Amino acid sequence: MKNSNLSKSLLIWYDSNKRDLPWRSTKATPYNVWLSEVMLQQTTVVTVIPRYTSFLERWPDVRALAGASIDDVLHEWQGLGYYARARNLHRCARVVVEQYGGVFPDDEAALKTLPGIGDYTAAAIVAIAFGNFSTPVDGNIIRVISRLEGLEQVMPAGKGAVRMRMAELVPAKRPGDFVQGLMDLGSMVCTVRKPDCPACPWGSTRGSTRGSARAGPCRARAGGKPQSYPRKAAKKPRPTRYGVIFWLVDQAGRVMTRRRDETGLLGGMMEFPSTPWREQDWTHEDVLSNVPVAGAGLDWQDVPGTVRHTFTHFHLELRILKGHLSSMPETAHDHAIWSVPHDFVDLALPTVMKKVAKLVYSS
DNA sequence: AAGTCGTGGCC
DNA sequence: TGGCCAAGACT
């Protein structure tokens, strides 16, 4: 099948199966497309939709976002994960306002210099928001194109081959719709586990003579095992790390929290003080040398149960020790922020820390 | 260039 | 239930 026919079939399929996503059609401004694409990085559409809507309501344009505090942005982002996205989003908004007069550049290379905008997102903005030719390659497109061509390259390392094929397929006319159609196809039809090949616009075509079926253009389908594409490398096993949380309550009933370092895991988010998280489990003695307040004379009590949480590259098991301060704490330990539980909603708490609070209050 | 970086849903 | 995966970026 000719490239132009592949593109046309896909666009026809897109038009008749289009989902009404809140960042599509008339709402596909550069700001909206950028925001949605960053939120959609490694995150499902179902998860993003409500978060996108409330985010946009709070900060309707790039100037509003640039004027926000990083604390408010992280708070709005809580639970979405990959918190560097929120920090970069905020930085990017400020750069666009300060260096581009509040107008997103339509140039792919310029977009890629902005914080949090990489190969995929820059290309997606060019095609979807500006309607210009580009060749974005995301997980869906890797899967669809790998299957279409039966690519044997290990992905995502071999995504260059996908991008080259995309350059032949993306039409000059509706590049944004084509690209979104490809991603819709990947998430609705050409899925990871059970591809619905009969529903594919690139399915086998009817032969004109006697209605016999001819082979379609998809190599993976012709091979009988479309699920075996894309080829992927074996993954490393995830180790388990251990930590002990100090649930410290002062005489006013406030609980000690603190802000994590700006970079790294859960960067900038709030936490309940903890020992480091390490692969070796903690002895009671080791734990006590990490108590977050000076003058240890505290009576620590075990909170029954364990918090289990899995990050991208390790499992985490947290035990919790509860202690009550008999006198008011000395000044500014670790820049502690003391909050009554009622006010936890004001903190940018990552999900693992919400699990900690939940276990404490259920015991 | 391989590791780091969240979370929830799926089977 | 534990591994896999999702509109990836950054170091």
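Chain identifiers are assigned alphabetically (A, B, ...) following the order of the sequence lines, protein sequences preceding nucleic acid strands; residue numbering begins at 1 within each chain. Small disclaimer: the values here were computed from a predicted structure and weren't measured.
Of the listed nucleotides (dC4(C), dA7(C), dA6(C)), dC4(C) has the atom at the smallest distance from the side chain of R193(A). Across dG6(B), dA7(C), dC4(C), the shortest atom-to-atom separation from the side chain of R24(A) is found for dA7(C). Distance from the side chain of R19(A) is smallest to dA7(C) among dA9(C), dA7(C), dC5(B).
Nucleic acid contact class of I141(A) (heavy atoms, under 4.0 Å, all strands): none. Heavy atoms of R143(A) sit under 4.0 angstrom from primed sugar atoms or phosphate atoms, though from no base atom. Contacts of G79(A) with the nucleic acid, taken as non-hydrogen atoms under 4.0 Å apart, involve only primed sugar atoms and P, OP1 or OP2. Counting any heavy atom pair closer than 4.0 Å across all strands shown, P350(A) reaches sugar-phosphate atoms only and no base atom. Counting non-hydrogen atoms under 4.0 angstrom, L21(A) reaches a base of the nucleic acid. Note on W77(A): nothing from the nucleic acid sits closer than 4.0 angstrom, heavy atoms only. When heavy atoms are screened at a 4.0 angstrom cut-off, T310(A) is found touching base atoms of the nucleic acid. The residue P156(A) sits apart from the nucleic acid: no heavy atom pair falls under 4.0 Å.
For H309(A) and dT7(B), the shortest distance from a side-chain N or O to OP1 or OP2 is below 4.0 Å. Here Q42(A) reaches the OP1 or OP2 of dG8(C): one of its side-chain N or O atoms lies under 4.0 Å away. In terms of phosphate contacts, H313(A) brings no side-chain nitrogen or oxygen within less than 4.0 Å of OP1 or OP2 of dG6(B).
Panel note: side chain W13(A), backbone C200(A); no donor-acceptor pair is recorded below 3.5 Å.
The base of dG6(B) is paired with the side chain of T43(A) by a donor and an acceptor separated by under 3.5 Å. Below the 3.5 angstrom threshold, one finds no donor paired with an acceptor across the side chain of T351(A) and the base of dG6(B).
Tested against F311(A), the residues H315(A), H313(A), H309(A) include a single ring-ring contact (aromatic ring centres under 6.0 Å, His included) partner, H309(A). Each of W282(A), F272(A), W300(A) was scored for a ring-ring contact (aromatic ring centres under 6.0 Å, His included) with F246(A), with one residue passing: W300(A).
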